[in-house]
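In what follows, a structure is listed as structure tokens, so that the remarks can point back to it.
Letters A, B, ... are given to chains in the order of the sequence lines, protein chains preceding strands, and every chain is numbered from 1.
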2 protein chains.
Amino acid sequence: MDALRKDIHNSDVPLVCRSCEARHGGVCGALTTEQLSELSRFTSRKTINTGAELHGQGEPVRSYANILRGVVKLTKMMPDGRQQIVGLQFAPDFIGRPFSSESALSAEAATDTEVCALPKAALDRMANNSPDLERRLHNQALIELDEARDWMLTLGRKTAREKVASFLYLIATHIDPDKAEVLQFELPLTRQDIGDFLGLTIETVSRQMTKLRQEKIIHVENNRNVTVHNLATLAEVAGVDR
Amino acid sequence: MDALRKDIHNSDVPLVCRSCEARHGGVCGALTTEQLSELSRFTSRKTINTGAELHGQGEPVRSYANILRGVVKLTKMMPDGRQQIVGLQFAPDFIGRPFSSESALSAEAATDTEVCALPKAALDRMANNSPDLERRLHNQALIELDEARDWMLTLGRKTAREKVASFLYLIATHIDPDKAEVLQFELPLTRQDIGDFLGLTIETVSRQMTKLRQEKIIHVENNRNVTVHNLATLAEVAGVDR
DNA sequence: TTTCCTCCTTGATTTCGATCAAGAACGACG
DNA sequence: CGTCGTTCTTGATCGAAATCAAGGAGGAAA
């Protein structure tokens, strides 16, 4: 699964759409030179501040986006306000739902975020003519499906302690697109967001973080900067087989 | 989302692979006559008894399958035995994970099941040459992703009562491929399975079922045959917006 | 029939996480 | 500087679901 992820991200296709510039792989790597130059007439780079929505639950979707920097949370909300984060997207992930113009979830910037926005119609048209592009979108969907199912096990069967450890482990292995795992990072989510991701209250998240701190499994500074002393230990607490 | 589901299932493409015979849409509907006749040299119809595995967690995957009849549960298990059902597949769903020969989950027949097995290599080869087929697989992945994320909300944020109602609602709307919803059905899962799908114990499932029965929201016969008196009421208890 | 066996229900008790409540830490702003 | 407002932590209490325990219902096989 992680092999596949790398396959997309570290693809050796040198081309990317102009608005996005050199660094990210995203889905644009699958396009031909002509397609890219056509597409880049429509793409636009956007900065989204923490808390701002890319689009709301139930709204029609106008565009796709490649994340260049930052973290985007995908959330579902019940009529009474209960909320669940159903996915976290990191650079250089692709955001969007092919074949459907309406989204059953809302996408919100968890941190200050930069994206490259692609008009939906333009990319859909290209996907119809580029099997390689469709293949990439398909692959991204399958990776997200694997991740969603992994998380279902966390939500349904893990304890609060295991959930918090699972979250920290997830961040450590996803926050930096250049490294497979990292021992020090800034939490991209508030305690409330972490609770909404784990199906817990902020108090429970806080208490479990405190415990992990007391047990010297993590170190926390300013509530945001986390150091993991030993990733294998964290994985063990999380109940994850690495 | 359900519109898309219909799109696959009720497709007007008349062709299906020979082993599977007339009724199901599956992914075969996307194939040309030649592809079908080539494929049907390799396909085989199989009967899988309740409880038998199509394949186990971590095992390499040899084949795809179209479900002709029955219900298949996709499960993940932790080293200590805790289990979570991460997906239920009904006829005529497609089972398999394109682009990966190893599965992170196990697929097990929840009821007596009939499938049409397709050798993975043969279908992969065809998908490379048939954009329409790839499109169908892609679409199925996206539908499963939507369903997985819906369920994450259920697992993370709903009460036991809402979870059980959500499960019954899911079965009522999925058990019969010919109808959008149905008020009477045989439960395809044991209490243990329902618990593993909802992240609950069998005792809690049983108590909530008893309550729903006492409140005349459902009627249950022989522990298996359920009648839903009013689907809208059930949906409301489940916290689902229909 | 009787004996298992599996699956399900029900009751008693415990426990983990939610809820309620208070205060600490930090930054923004007058 | 002090005063908000927000976010996080900690403590006390509550409650929903888990756990522990017992027994019932139905089916298969002797």
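Nearer to the 5' terminus of DNA chain D, by closest-nucleotide assignment, is the contact made by V205(A) (compared with the other of V205(B) and V205(A)).
The side chain of R213(A) has dT9(D) as its nearest neighbour among dT9(C), dA18(C), dT9(D). Side-chain proximity of T159(B) to the nucleotides dG17(C), dT19(C), dA17(D) is greatest for dA17(D). In this structure, of dA18(D), dA21(C), dG17(C), it is dG17(C) that holds the atom nearest to the side chain of A160(A).
OP1 or OP2 of dT10(C) lies within a sub-4.0 Å distance of a side-chain N or O belonging to T210(B). Taking side-chain N and O atoms only, T204(B) has a distance below 4.0 Å to OP1 or OP2 of dA18(D). Taking 4.0 angstrom as the limit, N223(B) places a side-chain polar atom (N or O) nearer than this to OP1 or OP2 of dT9(C).
Residues T111(B) and T50(B) bring no donor and acceptor atom of their side chains to less than 3.5 Å of each other. If you check the side chains of T210(B) and R213(B), you find a donor sitting under 3.5 Å from an acceptor.
Interface remark: the Q208(A) side chain does not form any donor-acceptor pair with the dC16(C) base, using a distance-only criterion of under 3.5 Å. In terms of polar N and O atoms assigned as donor or acceptor, the side chain of Q192(A) never comes within less than 3.5 Å of the base of dC8(D) in a complementary pairing. Evaluation of atom-type donor-acceptor distances gives a pair under 3.5 Å for the side chain of R207(A) against the base of dG11(D).
What separates CG of L198(B) from C1' of dA18(D) is a distance of 15 Å, to the nearest Å. Here dC14(D) presents its C1' atom at 13 Å from CD of E203(A), a figure rounded to the nearest Å. In this structure, CD of E186(B) is placed 15 Å from P of dC7(C), rounded to the nearest angstrom. Following rounding to the nearest Å, N225(A) (CG) and dC26(C) (P) show an atom-to-atom distance of 13 Å. Rounded to whole angstrom, the span from the CD1 atom of I194(B) across to the P atom of dC7(C) amounts to 13 Å. Atom pair K163(B):NZ and dA18(D):P shows a separation of 7 Å (rounding to whole Å applied). Protein atom CZ of R191(B) is 19 Å distant from nucleotide atom P of dG24(D), rounded to whole Å. Taking atom CG of residue N222(A) and atom P of nucleotide dT9(D), one finds them 11 Å apart after rounding to whole Å.
Across all strands shown, G199(B) has heavy atoms under 4.0 Å from sugar-phosphate atoms exclusively, and none from any base. When heavy atoms are screened at a 4.0 angstrom cut-off, T190(B) is found touching the sugar-phosphate backbone but no base atom.
Annotation: side chain to side chain donor-acceptor pair (under 3.5 Å) contacts of H229(B) (sequence neighbours excluded): none.
With hydrogens and angles disregarded, a donor-acceptor distance shorter than 3.5 Å links the side chain of R157(A) to the backbone of L200(B).
When side chains are defined from C-beta on, F167(A) counts as touching L187(A), because their heavy atoms get closer than 4.5 Å.
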